Structures are given as structure tokens and as C-alpha cells.
Amino acid sequence: MTNVAVVGAQWGDEGKGKIVDWLSERADVVVRFQGGHNAGHTLVIDGTTYKLSLLPSGVVRSGKLSIIGNGVVLDPWALFREIEGLREQGVAVTPENLLIAENAALILPLHSKLDLLREEARGPAKIGTTGRGIGPAYEDKVARRAIRVCDLTDLPSLSERVDALLLHHNALLRGLGAPEIDRQELLHALIEITPRLLPFVANTWQRLDAARRRGDRILFEGAQGLMLDVDHGTYPYVTSSNTVSGQAAVGSGLGVGSVGYVLGITKAYTTRVGSGPFPTELQDEVGRLLGERGREFGVVTGRPRRCGWFDATLVRQTVKVGGIDGIALTKLDVLDGFESLKVCTGYRIHGEAFDHLPASPAAQAAAEPIYETLEGWSESTRGARSWAQLPATAVKYVRRIEELIETPVALLSTSPEREDTILVHDPFAAR
Ligand code: IMP
């Protein structure tokens with residue numbers, strides 16, 4: 001048995017929530033290793049829908065340990081709002097089933113304010129962030145001025161760190177013509193939230209190491225998608241963390257050898273929220289239909305997602321940079337009823353053929369998809385639980401995708417219900 005890392009293979013919203021939930025039933029520990037409450041994971045369990053942003057998906061199942069790793073940026077106020085919401089749904093989140101890394105950096109109210117102010121200042125060049133302060137919080141982390149979870153236990157040093165942080169932020173806010181942050185107000189808010197947070201705080205790398213040595217199964221839960229990776233994505237239209245599988249090790253404090261099988265969640269078509277290049281985007285009736293059938297609205301912001309055909313060139317690229325061993329193909333049922341389907345097999349950029357998306361934003365914006373047309377199917381694939389229940393043309397579509405992305409399908413999801421899943425090979429039993 002091996003550990004499994006789940007990452008999004010496109011621009012996020014690939015349906016990771018359902019797959020992580022499906023896998024978490026078989027895991028002992030579920031750990032988030034990057035991002036923050038910009039993520040939106042929807043789980044449907046026995047007809048009840050749970051929407052998670054910051055909490056690892058393991059929290060809705062009893063007997064699992066969930067960990068918010070050091071690679072996550074943590075908004076403590078958002079955390080307790082989410083915990084409260086789950087409590088109302090009958091799910092108890094306690095220090096018995098949730099631990100938070102003491103070396104995780106905090107998202108403070110000033111980070112979301114700055115995120116929104118900057119977006120406004122960018123005008124039409126805006127990134128389309130979730131406005132949750134993710135970028136500014138990671139900037140402070142890398143600039144070594146972040147307030148981390150462990151700083152909350154030491155009041156004199158916390159107050160010094162707040163001063164150092166505000167020296168930077170208030171200068172920035174003055175420059176943007178925005179009101180400055182009140183030092184006392186921020187300190188007070190931090191001191192107030194500390195007793196609620198501390199019971200969850202732990203040395204999580206050690207807990208994970210102990211779990212690994214015991215032979216517990218660890219599930220690393222990625223957020224966003226590989227094309228939003230700050231190094232490998234469509235920069236600058238990306239999130240501010242590394243979303244590739246290597247980050248599972250860095251963001252949790254385990255060695256790369258512990259990450260195990262990497263499962264890339266991949267939608268049977270493509271979507272994107274926010275700005276940035278999207279070669280297979282469809283701004284026509286087909287795009288509208290995909291959005292309507294796939295209910296493509298953001299969990300976090302409610303924004304409609306941009307929709308387009310499956311981009312095999314893009315996924316082949318993320319499979320390679322993300323070290324993906326197999327994919328979980330989701331939302332195949334959204335393609336039911338199309339007479340024909342297009343799949344992107346390469347790009348033409350200023351007349352030249354490309355088998356990948358180059359790094360330059362100008363080249364990415366100019367990329368025109370080269371399509372292959374495949375036959376569609378009129379039957380419903382919704383709820384199929386075996387290959388035999390799929391129309392032959394749907395199987396052909398999946399097989400062609402495997403060929404083009406040079407990676408096998410490990411799981412196939414045919415509805416939001418967890419049981420509507422075709423298991424091709426078990427990621428936990430892969431190596
Ligand atoms: P940020 O992560 O809020 O800074 O947003 C940066 C970009 O990542 C924007 O295009 C967002 O729409 C996108 N993004 C962030 N989180 C998610 C997610 O969970 N799903 C899809 N897109 C996301």
C-alpha cells in the first residue's frame with residue numbers, strides 16, 4: 001500500500017472534492033499542503049452536500065485525522081466560520097480530528113483587503129483572484145515578515161512581528177491612498193482568536209512521520225490546479241502557491257519519497273475561473289451548454305466558469321510537470337448528447353505548431369487549438385458504475401484521452417454521488 005497525492009490537472013474545479021472523499025474513506029490521515037480558503041471542495045455524502053474551503057475533506061468522515069500543513073496559508077477567522085458551518089450540519093471538528101501546523105503562515109484581514117485593492121488598481125488587467133488574501137499572505141511568508149501560528153503563543157514577539165509587518169503594509173496602503181491598519185486593533189484580534197486556535201496546533205511533521213512509520217495511509221489533498229501553479233501555470237494568471245505534487249512533501253514536512261502515487265483530477269472538458277489564457281475556450285452556445293449542464297459556478301465566489309473543449313495538450317503538460325501517475329476523469333456525463341466532441345491535440349502560435357503551451361504570456365494568449373474531432377454519444381453515462389454501462393463511443397473518447405495525455409485513467413466519475421465511480425485501478429494499491 002502507498003500514500004496518494006491528489007492534484008488538479010487543469011485550472012482547478014476538476015471535481016477533486018468527490019474523489020478526495022472517495023479516497024479518504026480508505027485513508028487514515030488527510031493533509032492539505034498548499035493554498036488556503038480560496039479552494040472550494042464540494043462533497044455529496046448520502047444526499048447531504050458539504051462545501052469545504054480550508055478544511056481537509058477528511059473532516060466529514062469519522063475516525064480520520066485531518067491536517068492543515070505548513071504549506072497552507074491559514075485565515076483563522078475563516079477556519080472557525082467553516083467549523084461552525086459544519087457543526088450546524090452535525091459534523092464535529094475537534095483537536096481529535098484536526099491538527100494545524102505550528103509553522104503555517106496566517107492570512108490576516110489586511111491581506112484580503114490588499115488583495116481586493118490591488119485587483120481594483122489593476123483594472124482590466126486584473127487576475128481575477130478569489131479576494132481571500134492568498135497572494136499577499138504568501139508574499140509576506142516569502143518576505144519573512146508573516147505572522148505564523150507559533151507566533152501567537154509569544155506575546156512580546158507577536159507584538160514586534162506585528163510592528164514589522166505594519167511598517168511594510170502601512171507604507172503600501174498609504175501609496176494606494178487607502179486607510180492604514182491600526183496596530184492595536186490587529187493585535188487585539190489576534191489575541192482574541194488565539195485561545196480558539198491553540199488546541200488544534202501541533203508539530204504536524206512529526207505526527208505525519210509517526211503515521212508514515214506506523215504504515216498509516218496518508219492522502220495529500222491538493223487545491224486549485226496545476227495550470228494555476230506559480231511556476232508552471234499560466235503566469236501571472238495563477239495562484240501564489242505551487243500546486244504540483246512536489247509541494248505535497250514541502251507543504252506537509254514529509255520527504256518526497258512519502259508522497260507515493262499522484263492522481264491528477266481531470267475534467268472531461270475544460271473550465272477556468274478568473275482571467276488568463278484558455279486556448280480551447282468556447283464563447284458560443286456549446287460553451288454555454290457545458291457551463292449549464294456542468295453547473296459551472298465557483299464554490300467560493302459564485303462566479304460563472306469559462307468553459308471549453310478538453311485540452312489534451314495542456315493535460316499532457318501538467319501530467320509531466322506534476323508527476324501524475326494516473327488520472328481521475330470526472331464529469332463525463334456532461335458530454336452526453338453531443339453529436340461530436342473536439343479534443344485539442346496541439347497549438348498553432350503565429351503559424352508555428354507547438355506540442356505544449358510555452359511560458360510566455362504573449363505566446364499563450366496567441367495559442368490557437370488544433371482539434372481532433374471524435375464521435376459523441378446519445379445515451380446517458382450518468383451514474384455508470386462499470387465500463388460495460390458506458391456507450392462504446394464514450395469508452396473510445398476516454399481511451400483516446402489516455403493515449404493523448406500518455407497516462408492511464410485510474411478512476412472515472414459519472415455523477416456527484418460518490419458511488420457513481422468506475423475504479424480502474426486502486427491508487428492506494430498502485431506500488
Ligand atoms: P487566488 O488564489 O485567490 O490568488 O486567485 C488566483 C487565480 O487562481 C484566480 O484566477 C482564481 O480564480 C484562481 N483560483 C484560486 N483558487 C481556485 C480554486 O479553488 N479553483 C479554481 N480556481 C481558483
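What you see is a predicted model, and the numbers here were worked out from it, not measured in a lab.
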Sidechain-backbone polar pair: H111 side chain, L108 backbone, donor-acceptor under 3.5 Å: yes
Distance (rounded to the nearest 0.5 Å) between L290 CG and E285 CD: 10.0 Å
N/O donor-acceptor pair under 3.5 Å between R161 side chain and A146 backbone: yes
Any donor-acceptor pair under 3.5 Å from K64 side chain to E25 backbone: yes
Heavy-atom closest contact (G326 atom, T407 atom, distance): CA-CG2, 3.6 Å
For the student: nearest non-hydrogen atoms of P304 and F297, plus distance: CA-CD2, 3.7 Å
Flag, side chain of K141 to backbone of A104, donor-acceptor distance under 3.5 Å: no
Side chain proximity check, V6 to V4, heavy atoms < 4.5 angstrom: yes
Distance (rounded to the nearest 0.5 Å) between R61 CZ and L43 CG: 8.5 Å
Heavy-atom pair of closest approach, residues T393 and G376: OG1-O, 3.3 Å
Side-chain heavy atoms of W22 within contact of L423, under 4.5 Å: yes
side-chain contact (heavy atoms from CB on, under 4.5 Å) between V238 and D229, intermediate numbers included: CA-CA 6 Å; V238 291; D229 182 281; over 6 Å; no
Atom pair CG/CZ of N242 and F33 - distance to nearest 0.5 Å: 10.0 Å
Min side-chain heavy-atom separation F310-I401 under 4.5 Å: yes
Gap between atom CZ of F220 and atom OG of S245 - 0.5 Å precision: 10.5 Å
Close side-chain approach of P416 to T42, heavy-atom, < 4.5 Å: no
Residue pair L329 / L411, side-chain heavy-atom distance below 4.5 Å: no
Result of checking L219, N3, L208, L99 against V29 for side-chain contact (heavy atoms from CB on, under 4.5 Å): L208
Heavy-atom pair with the smallest gap, counting every atom of I107 and W77: O-CZ3, 3.9 Å
Reported CZ-to-CG distance for the pair R132 and L54, which is rounded to 0.5 angstrom: 10.5 Å
Check: L390 and I422 side chains under 4.5 Å, non-hydrogen atoms: yes
Short side-chain to backbone donor-acceptor contact, S24 and A27, under 3.5 Å: no
Residues L165, L110; criterion side-chain contact (heavy atoms from CB on, under 4.5 Å); working and verdict: CA-CA 10 Å; L165 184 76; L110 59 87; 4.1 Å; yes
Y235 atom OH: more than 12 heavy-atom contacts under 6.0 Å: no
R316 backbone acceptor or donor facing E406 side chain under 3.5 Å: no
pair R118-P136: side-chain heavy atoms closer than 4.5 Å: yes
Stepwise salt bridge (Lys or Arg N to Asp or Glu O under 4.0 Å) check, R213 with D209: CA-CA 6 Å; R213 282 188 284 114; D209 181 56; 3.1 Å; yes
side-chain contact (heavy atoms from CB on, under 4.5 Å), paired with P56, selected from I68, V31, N97, I67: I68
T345 side chain to E372 side chain, donor-acceptor N/O pair below 3.5 angstrom: no
salt_bridge(E403, R400) N-O dist < 4.0 Å: yes
Passing candidate, salt bridge (charged side-chain N to carboxylate O under 4.0 Å, His left out) with E296, options R305, R272, R303: R305
Non-hydrogen side-chain atoms of V230 and S241 separated by less than 4.5 Å: no
Exercise: do Y261 and D426 side chains pair donor with acceptor under 3.5 Å: no
Within 45° cone and under 6.0 Å: R382 NZ/CZ vs W377 ring: no
Trace of the side-chain contact (heavy atoms from CB on, under 4.5 Å) decision for L263 with V7: CA-CA 6 Å; L263 183 68; V7 293; over 6 Å; no
Taking every non-hydrogen atom, the tightest pair across A367 and P279: O-CB, 3.9 Å
Exercise: do K18 and S413 side chains pair donor with acceptor under 3.5 Å: yes
Stacked cation flag R293 on F338, 6.0 angstrom / 45 deg: yes
Lys/Arg N to Asp/Glu carboxylate O, K126 vs E119, below 4.0 Å: no
For the student: nearest non-hydrogen atoms of G222 and H41, plus distance: O-CE1, 3.6 Å
T243 side chain vs G225 backbone, donor-acceptor pair below 3.5 Å: yes
Ionic contact status for D28 with R217, cut-off 4.0 Å: no
Intermediate values then yes/no, side chain to side chain donor-acceptor pair (under 3.5 Å), D311 and Y347: CA-CA 10 Å; D311 190 342; Y347 307 115; 2.7 Å; yes
Parallel, tilted or perpendicular, as decided by the 30° and 60° cut-offs, for the rings of F278 and W11: tilted
Check against side chain to side chain donor-acceptor pair (under 3.5 Å), T129 and D115: CA-CA 8 Å; T129 72; D115 197 354; 3.0 Å; yes
From D420, D336, D333, residue fulfilling side-chain hydrogen bond (donor to acceptor under 3.5 Å, both in side chains) relative to T381: D336
Between W205 and N203, a side-chain donor and acceptor under 3.5 Å: yes
No-hydrogen, no-angle side-chain donor-acceptor test under 3.5 Å, Y138 and Q34: no
Atom pair CZ/OG of R32 and S252 - distance to nearest 0.5 Å: 13.0 Å
Main-chain N/O of G274 paired to R306 side chain as donor or acceptor, under 3.5 Å: yes
E84 and R81: CA distance, side-chain angles, deciding distance, salt bridge (Lys or Arg N to Asp or Glu O under 4.0 Å) verdict: CA-CA 5 Å; E84 280 311 312; R81 276 197 303 275; over 6 Å; no
Check: T330 side chain, E14 main-chain N or O, donor-acceptor pair, under 3.5 Å: yes
Test: D284 and R288 ion pair at under 4.0 Å: no
side-chain contact (heavy atoms from CB on, under 4.5 Å) evaluation trace for K51 with E82: CA-CA 9 Å; K51 288 187 189 290; E82 201 170 315; over 6 Å; no
T271 backbone acceptor or donor facing Q10 side chain under 3.5 Å: no
